[in-house]
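In the text below, chain A, chain B and the rest are named by the order of the sequence lines, each starting its count at 1.
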There are 2 protein chains.
Amino acid sequence: MELYQSGTWLISDTLMSSMVRDDSLFVRRHFRKDEEIYVQESVSSKFYVVVSGLVQIAMIREDGTEVILELMGPQTVCGEGAAIDGLPRFSGATALEETELLEFDASQLPQLAAHSPEFVVALLQITALKQRVLAVRLEQLSSREPETRIMEMFARLARIFAETRCDGKLIVPKLTHEQIAAMTGNTRVTVTRALGRLKERGEIAIVNGRILLMSERFRD
Amino acid sequence: MELYQSGTWLISDTLMSSMVRDDSLFVRRHFRKDEEIYVQESVSSKFYVVVSGLVQIAMIREDGTEVILELMGPQTVCGEGAAIDGLPRFSGATALEETELLEFDASQLPQLAAHSPEFVVALLQITALKQRVLAVRLEQLSSREPETRIMEMFARLARIFAETRCDGKLIVPKLTHEQIAAMTGNTRVTVTRALGRLKERGEIAIVNGRILLMSERFRD
DNA sequence: CGCATGCGGTATCGTGGGATACACCCAAAA
DNA sequence: TTTTGGGTGTATCCCACGATACCGCATGCG
C-alpha cells in the first residue's frame, strides 16, 4: 500500500464488507440536507457507515467558533469514537446533502466480539486509521503558511472526493471559503487571499464553484 | 464521568487489567533515557503499555521540524495505531526517562479476537479514547493566542501528570520551552514570551523547573 | 579547573495575517 | 420584478509572531 494514501479514512472493501455482512447489526437511515445526525456533547452508542451523500464532522469551541474536523463521503465511518468510549460526543455530524447511512449500535460490543470477532477487528482497524488521519491533520496544522495548510487539506479531500480529469483532480463537494477556513484554522479573508495566490500560480482553478487541483502531482 | 476528563488517554483500571490479564500476550521491556522505542516510518505490529517512566510521541515533518504529539506516562498505551493498521508508523516514540513497558503484538489480532474478545474490546476503547484526545488537540491548535494553546496543553498534561498541591497543580515532567513549542506549534521565543505573561498574571509559576498551575480551576 | 553545551531571557526587525468594513455578484425568495 | 442574504473579493490598519542574534547561566564532562 502506498504511503501517500495513508491520510484517508476511506474504508477498504474488505473492511467494509465485514462490517455489513450481518444485516441484523444495522438499520438503514436517511437524512436530508442540513439535518443533524448527532450533536456534540450528546451521549449515544450509535455510529454510522456512510453509504451515499456527504457528512460534515465539526466541533464547536467554547468561544463559539466552529472547527470542521472532516467531510465524510461514502465508504467512511463516523461517530464510532464516542459510541465506543461512551463519553459525550466530542463532535457533531451534519448531513451536507441527502445522505444514506447505516446505523450501528456499539452498546453490545462485548457480546458481539464473542460471536463475530471479525466485525470488532474491522472496527479496530477503522479507529486505528482515523487516529492516523487525525495525527496527520495535527501535523499539517502546525505548518504556518496558509497556502500549505490549504493545499494539504485539498490533497486529503482529493483522496476521498476527487474526480480525475485530464487537467487534474476535481474536488466534488462545493466548499465555501468559510468552510475551508474552519477546516484549516484560518480566517475567511486569509483563505480568499491564499486561494487567489494559488490560482495565480496555477496550482488550482475554480470550475463552477468547485476546486480543481492542477499541480503535477495531481495528474495521472 | 466528568466531561472535563475527556482529554486524557489515561486507561482505566478495568481496561488496564483486561489488557494485562493474560501474560502470555506481552513481554516486559526496559528502555533507558533517550532510547528510541520505535521510529517513524518503520513498519511493526508491536504496541506498548507504559508501566513507568515517560515516553514522548513525536512526528518529524518534511521540513525537518518536530511536532510533539504527546507525552505518555504510566497507564497509557502507545504505538497501537500503526500496529493495528499495519502502515508505517506515523510517529516515533522515545523514552524521556528510564521507562518500563509491556510490549504486545497486534499481528494475531484476528485469532486473539476469537479466544479473548475482552482484550480486543479493551483495545478498541483505547483507540477510541485516543481519537478523542487527538480531536481535542486539533481543536486547541486552532486557537490563535499562544497563551490559550499553552494553557490548554498544560491542562491536558495536568490530568495525567499533575501532583496536587495546596497552591495548585504541579506538572511533574520537566518541560523545556522548546518542547512546549513543539507541542503547541509555536516558536521557542513565543513560548518564553507567553510564559512570562502567564507568570505575571499569576496563572502559573515555575517551581524548580516545573510548571505550577495556579488558576482557580486547578485548586481543589 | 576550564570548556562545551543546552537552555532561558531579551532585543530588533520585518511581515503577514487577524479584525473590520464595504462593495459586488448571484441565486432564491417575495 | 424587487429584495434579501450568503458568499466572494478587497482595502486598510495594526500588532504579534517568526526569524535571528546575542548574552548569561547552569550543568556536566574532560
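Sorted by first and then second residue, the pairs that involve residues 75-85 of chain B and meet salt bridge (charged side-chain N to carboxylate O under 4.0 Å, His left out), not counting sequence neighbours, are Arg132(A)-Asp85(B), Glu80(B)-Lys130(B).
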Task: side-chain contact (heavy atoms from CB on, under 4.5 Å) assessment of Phe161(A) paired with Leu54(A) - done: CA-CA 10 Å; Phe161(A) 296 111; Leu54(A) 186 61; 3.5 Å; yes
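Nucleotides of DNA chain D that come within less than 4.0 Å of any heavy atom of chain B span, from the 5' end to the 3' end, dC17(D) to dT20(D).
With rounding to whole Å, Leu175(B) atom CG is found 12 Å from dC7(C) atom P.
Contacts of Thr192(B) with the nucleic acid, taken as non-hydrogen atoms under 4.0 Å apart, include base atoms. Note on Lys174(A): nothing from the nucleic acid sits closer than 4.0 angstrom, heavy atoms only.
In this structure the side chain of Ser215(A) reaches within 4.5 angstrom of the side chain of Met151(A), judged on heavy atoms. Met183(A) places a side-chain heavy atom less than 4.5 Å from the side chain of Leu71(A).
The backbone N or O of Glu100(B) lies less than 3.5 Å from no partner atom in the side chain of Arg28(B), so there is not a single donor-acceptor pair.
The shortest heavy-atom contact between Ala58(A) and Gln40(A) is O-OE1, 3.9 Å. Heavy atoms only, all atoms of each residue included: Arg165(A) and Asp167(A) are closest at NH2-OD2, 3.0 Å.
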Which atoms of nucleotides 14-21 of chain C (N or O only) lie under 3.5 Å from a protein N or O atom, and what are those distances?
| residue | atom | partner | partner atom | Å |
| --- | --- | --- | --- | --- |
| dG18(C) | OP2 | Thr187(A) | OG1 | 2.8 |
| dG18(C) | OP2 | Thr190(A) | OG1 | 2.1 |
| dG18(C) | N7 | Arg193(A) | NH2 | 3.2 |

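Ion pair Arg32(B)/Glu98(B) flagged as a salt bridge, since at least one NZ, NE, NH1 or NH2 atom sits closer than 4.0 Å to an Asp/Glu carboxylate oxygen.
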